[in-house]
2 protein chains.
Amino acid sequence: MVIERQQLSASVKDVAAAAGVSLGTVSNVLNRPDRVAAATREKVEHAMAELGFVRNESARSLRAGRTRSLAYVMLDAGNPFFTDVAQGIEHAAEGAELSLFLCNSDSRATREATHLEHLEQQRVQGILITPVDPDSPALDAIARRGTPLVIVDRIRKGGAFCSVAVDDVLGGRLAVEHLIDRGHRRVAFVGGPLSIGQVADRYEGARLAWSTAGLPEDDLTLVAGESLTVASGRSAGERLAGIPSARRPTAAFCANDLIALGLLQQATTAGLRVPEQLAIVGYDDIEFAAAAAVPLTSVRQPRQELGRAAADLVLDEASNEAHHHQQVVFTPELVARASTLG
Amino acid sequence: MVIERQQLSASVKDVAAAAGVSLGTVSNVLNRPDRVAAATREKVEHAMAELGFVRNESARSLRAGRTRSLAYVMLDAGNPFFTDVAQGIEHAAEGAELSLFLCNSDSRATREATHLEHLEQQRVQGILITPVDPDSPALDAIARRGTPLVIVDRIRKGGAFCSVAVDDVLGGRLAVEHLIDRGHRRVAFVGGPLSIGQVADRYEGARLAWSTAGLPEDDLTLVAGESLTVASGRSAGERLAGIPSARRPTAAFCANDLIALGLLQQATTAGLRVPEQLAIVGYDDIEFAAAAAVPLTSVRQPRQELGRAAADLVLDEASNEAHHHQQVVFTPELVARASTLG
DNA sequence: TTGTACGCGTTATCAT
DNA sequence: ATGATAACGCGTACAA
């Protein structure tokens with residue numbers, strides 16, 4: 001048997017010809033099967049199978065003026081935090097019978113812009129995005145031109161769109177309050193560039209907790225890294241391990257779990273015992289945090305809920321005339337594990 | 001200033017009217033800017049900005065008969081292995097000026113089917129997929145109907161499509177040969193269901209190495225789990241830790257790194273020292289493998305290259321008349337770390 | 001250099 | 001119950 005690959009996909013017109021009916025009847029079989037006689041319908045369905053007919057979504061959405069899809073532009077597909085958020089969105093999309101397209105900007109503004117341009121041209125029903133820069137006017141332009149857009153994991157006050165986030169200042173406070181409770185009096189904040197909003201907020205929360213406890217400002221050290229990655233955590237670990245123990249912070253609060261994992265590894269390699277000589281708190285509570293050989297204390301964010309809430313908002317904006325923009329802020333929670341509980 | 005949200009997106013026709021030129025001229029500005037006088041072009045571009053004109057991709061691809069996008073249907077977006085593969089694909093897509101849509105089947109055949117149906121209707125230029133079941137006839141049907149399709153991380157011999165994979169049998173052999181070299185004579189294979197091809201192949205490689213070394217068959221134990229997850233690794237750890245030390249395997253070869261990380265954590269919790277009492281080899285060499293507090297020996301696969309090769313094949317099939325289906329098999333490599341090197 | 005007319009595949013409306 | 005036809009927005013050949 002030879003399997004032929006069909007060269008050009010058949011259209012409703014071809015199906016109609018093959019079945020010996022009119023074009024309108026084929027359309028009825030597809031969209032209002034009840035209005036067509038059983039015998040006719042069968043003939044048409046047979047022809048469709050025979051010809052390998054596949055509906056053309058471009059034509060459909062051109063006609064309909066809207067597509068049946070949603071998109072999420074991720075900041076970093078390699079970070080489990082964002083894939084969990086995506087999963088929450090996926091569930092919502094599935095419920096609404098929409099396709100979800102995931103795009104990865106990989107923290108690059110140019111790639112993000114390209115994705116956004118394509119998505120806008122595709123006329124997706126809505127765009128969810130964790131942006132490289134939440135204040136970029138490009139986002140406003142998209143909303144102004146009519147595509148519902150929701151910012152995920154960042155708050156944009158007074159903007160032309162909804163946003164869903166977690167209270168990062170509070171998260172930072174929880175982390176450092178926990179360390180202070182455990183008796184730490186020299187703490188390092190290990191984070192990516194403060195230009196990243198999430199990082200800046202978590203640092204602010206940390207300093208708030210610190211000053212509220214009346215501790216000397218200088219004893220909360222800032223160890224700035226270039227990015228929120230495992231590699232960045234490792235190099236921070238080297239720097240910390242290099243400090244004489246009398247002056248070395250006894251605990252580190254990391255801006256996310258990737259950094260914390262890198263720090264944990266490097267610190268252990270350098271001979272520091274965790275948490276006896278260095279306690280570590282991460283952020284996000286990704287699955288790998290609990291799976292680390294010294295399970296990581298971390299600040300948990302409701303990741304899937306974040307995604308679902310964002311999707312619900314964008315769907316509401318897409319379909320509800322009376323939609324009102326809103327800023328949703330979830331509350332984080334500290335999960336204490338061995339890396340601080342020695 | 002009040003920012004109006006435009007209700008309906010403007011078409012080329014609207015732009016033409018606003019600019020006081022004909023529709024064809026607007027089209028020329030878009031597609032052959034050189035054929036239009038500078039002054040006219042400027043007028044048109046001004047009108048476009050004014051009206052917030054966005055090209056309608058549905059109309060474009062309906063006219064063109066093809067879209068400008070590619071899709072990758074992932075088996076598990078939460079597994080870093082697949083996000084790395086996706087990144088390789090993304091680079092290739094970027095180079096070809098195509099959008100890449102990521103879809104996640106989450107190991108569910110129904111969700112996968114839905115995604116495939118949508119993608120086929122979208123007329124994407126090609127579909128890359130790590131399928132739930134590589135032998136599903138649904139895949140053949142898609143290829144037969146004309147959408148180029150490439151299987152990623154599985155080989156399908158004699159099929160109507162290309163496939164790109166890594167030699168999992170060899171990978172399994174490398175892992176177990178390494179353990180034998182290190183003196184282990186009782187080894188456990190910890191894996192998801194053998195119905196997953198990757199798992200079955202790695203197990204086969206393990207047994208091959210074992211019998212080649214002339215070791216008694218019974219001393220290579222199979223510890224079957226339900227899935228390739230951290231949680232599954234943990235429960236395997238409980239089972240191993242429960243075995244009296246005289247009979248307990250001295251090493252475990254895990255079907256992937258997620259399992260290995262779970263196993264590592266649980267074994268440590270149960271008081272087993274790694275690698276002295278239990279050596280561990282993972283598979284995939286995801287970033288977190290090296291970052292584990294006992295860095296994991298693992299079998300590395302060229303993840304990004306896998307994605308890039310698959311994308312190149314699908315693009316070739318989409319554009320090259322003389323395309324010939326091929327099966328590409330990459331070679332894995334063992335990365336030895338502390339979890340076996342005690 | 002600019003304008004006009006047609007077709008891409010689908011769907012909805014109207015007429016038969 | 002079924003068939004004919006217009007419209008969605010764009011690109012392009014062809015005419016002016």
Side-chain angles (χ1 to χ4, degrees), chain A residues 6-45 47-48 51-68 117-118 120-124 145-147, chain B residues 6-45 47-48 51-68 117-118 120-124 145-147:
Chain A
Q6 288 153 16
Q7 286 314 318
L8 279 101
S9 45
S11 76
V12 280
K13 205 183 289 184
D14 303 319
V15 173
V21 299
S22 91
L23 188 155
T25 301
V26 177
S27 175
N28 280 335
V29 171
L30 287 168
N31 304 301
R32 302 193 265 330
D34 45 308
R35 286 199 201 169
V36 55
T40 319
R41 197 174 61 216
E42 222 164 298
K43 243 188 348 189
V44 173
E45 278 165 352
M48 295 200 297
L51 296 172
F53 169 76
V54 176
R55 269 152 110 124
N56 185 321
E57 179 64 24
S58 294
R60 287 185 89 184
S61 49
L62 173 58
R63 182 65 228 252
R66 48 149 56 186
T67 60
R68 310 190 31 66
E117 189 183 336
H118 283 150
E120 213 181 347
Q121 296 186 354
Q122 307 252 349
R123 301 285 195 278
V124 292
R145 285 190 290 261
T147 303
Chain B
Q6 287 152 16
Q7 286 314 317
L8 280 100
S9 45
S11 77
V12 281
K13 207 182 289 183
D14 303 319
V15 174
V21 300
S22 90
L23 187 155
T25 303
V26 177
S27 177
N28 280 334
V29 170
L30 288 169
N31 304 301
R32 309 200 253 340
D34 45 309
R35 286 200 200 166
V36 56
T40 319
R41 197 174 61 217
E42 221 163 300
K43 245 190 339 190
V44 172
E45 278 165 351
M48 295 201 296
L51 296 171
F53 169 76
V54 176
R55 270 153 109 123
N56 185 321
E57 180 64 24
S58 295
R60 285 215 317 153
S61 48
L62 174 59
R63 185 73 176 72
R66 49 150 55 187
T67 60
R68 309 193 34 65
E117 188 184 335
H118 283 151
E120 213 182 347
Q121 296 186 354
Q122 305 253 350
R123 302 285 194 278
V124 292
R145 285 190 291 263
T147 303

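No experiment lies behind these values; they were computed from the predicted model shown. Proteins get letters first, then strands, A, B, ... in listed order; numbering begins at 1 in each.
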The side chain of [X] is closest to which nucleotide in this list: [options]?
{"X": "A/Ala37", "options": "D/dA1, C/dT11, C/dT10", "value": "D/dA1"}
{"X": "B/Val36", "options": "C/dT11, D/dG9, C/dT2", "value": "C/dT2"}
{"X": "B/Arg63", "options": "C/dT2, D/dG9, C/dT10", "value": "D/dG9"}
{"X": "A/Thr40", "options": "C/dC8, D/dT2, C/dG3", "value": "D/dT2"}
{"X": "A/Lys13", "options": "C/dC8, C/dT11, D/dA4", "value": "C/dC8"}
{"X": "A/Ser11", "options": "D/dC10, C/dT10, C/dT2", "value": "C/dT10"}
{"X": "B/Ser27", "options": "D/dT2, D/dC8, D/dT12", "value": "D/dT12"}
{"X": "B/Leu30", "options": "C/dT11, D/dG11, C/dT10", "value": "D/dG11"}
{"X": "A/Val21", "options": "C/dC8, D/dG3, C/dG3", "value": "D/dG3"}

Distance in angstrom units between [X] [atom1] and [N] [atom2], rounded:
{"X": "B/Gln121", "N": "C/dC8", "atom1": "CD", "atom2": "C1'", "answer": "17 Å"}
{"X": "A/Glu57", "N": "D/dC8", "atom1": "CD", "atom2": "P", "answer": "19 Å"}
{"X": "A/Leu62", "N": "C/dC8", "atom1": "CG", "atom2": "C1'", "answer": "9 Å"}
{"X": "B/Asn56", "N": "C/dG9", "atom1": "CG", "atom2": "C1'", "answer": "14 Å"}
{"X": "B/Arg66", "N": "D/dC10", "atom1": "CZ", "atom2": "P", "answer": "20 Å"}

From the list B/Val15, B/Val36, B/Asp14, side-chain contact (heavy atoms from CB on, under 4.5 Å) partner of B/Val26 resolves to B/Val15

Rounded to the nearest 0.5 Å, how far does [atom2] of [Y] lie from [atom1] of [X]?
{"X": "B/Ser9", "Y": "A/Gln121", "atom1": "OG", "atom2": "CD", "result": "11.5 Å"}
{"X": "B/Asn56", "Y": "B/Ser11", "atom1": "CG", "atom2": "OG", "result": "9.5 Å"}
{"X": "A/Thr67", "Y": "A/Glu57", "atom1": "OG1", "atom2": "CD", "result": "7.0 Å"}
{"X": "B/Arg60", "Y": "A/Leu62", "atom1": "CZ", "atom2": "CG", "result": "13.5 Å"}
{"X": "B/Thr40", "Y": "B/Arg35", "atom1": "OG1", "atom2": "CZ", "result": "15.0 Å"}
{"X": "B/Arg123", "Y": "A/Ser58", "atom1": "CZ", "atom2": "OG", "result": "7.5 Å"}

TODO: Test A/Leu30 against A/Val12 for side chain to side chain contact (heavy atoms under 4.5 Å, CB included), laying out the working first.
DONE: CA-CA 10 Å; A/Leu30 287 168; A/Val12 280; 4.1 Å; yes

- Item | Position toward the 5' end of DNA chain C (nearest nucleotide), B/Ser22 or B/Arg123 |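 It is B/Ser22, whose closest nucleotide lies nearer the 5' terminus.
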
What are the atom names and distances for every N/O pair under 3.5 Å that joins the protein to nucleotides 13-16 of chain C?
none

The answer to which of A/Leu23 and A/Arg41 contacts DNA chain D further toward the 5' end, by nearest nucleotide, is A/Arg41

Applying a 4.0 Å non-hydrogen cut-off, can you work out what A/Arg60 is touching in the nucleic acid: base, sugar-phosphate, or nothing?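 It contacts sugar-phosphate atoms only.
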
| task | May I ask you to say what A/Ser61 touches in the nucleic acid, namely base, sugar-phosphate or nothing, with a heavy-atom cut-off under 4.0 Å? | result |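 Nothing, no nucleic acid heavy atom in range.
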
Exercise for review: Please determine if a side-chain N or O atom of B/Asn31 lies less than 4.0 Å away from the OP1 or OP2 oxygen of D/dG11.
Suggested key: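 So the side chain of B/Asn31 is within the cut-off, an N or O lying under 4.0 Å from OP1 or OP2 of D/dG11.
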
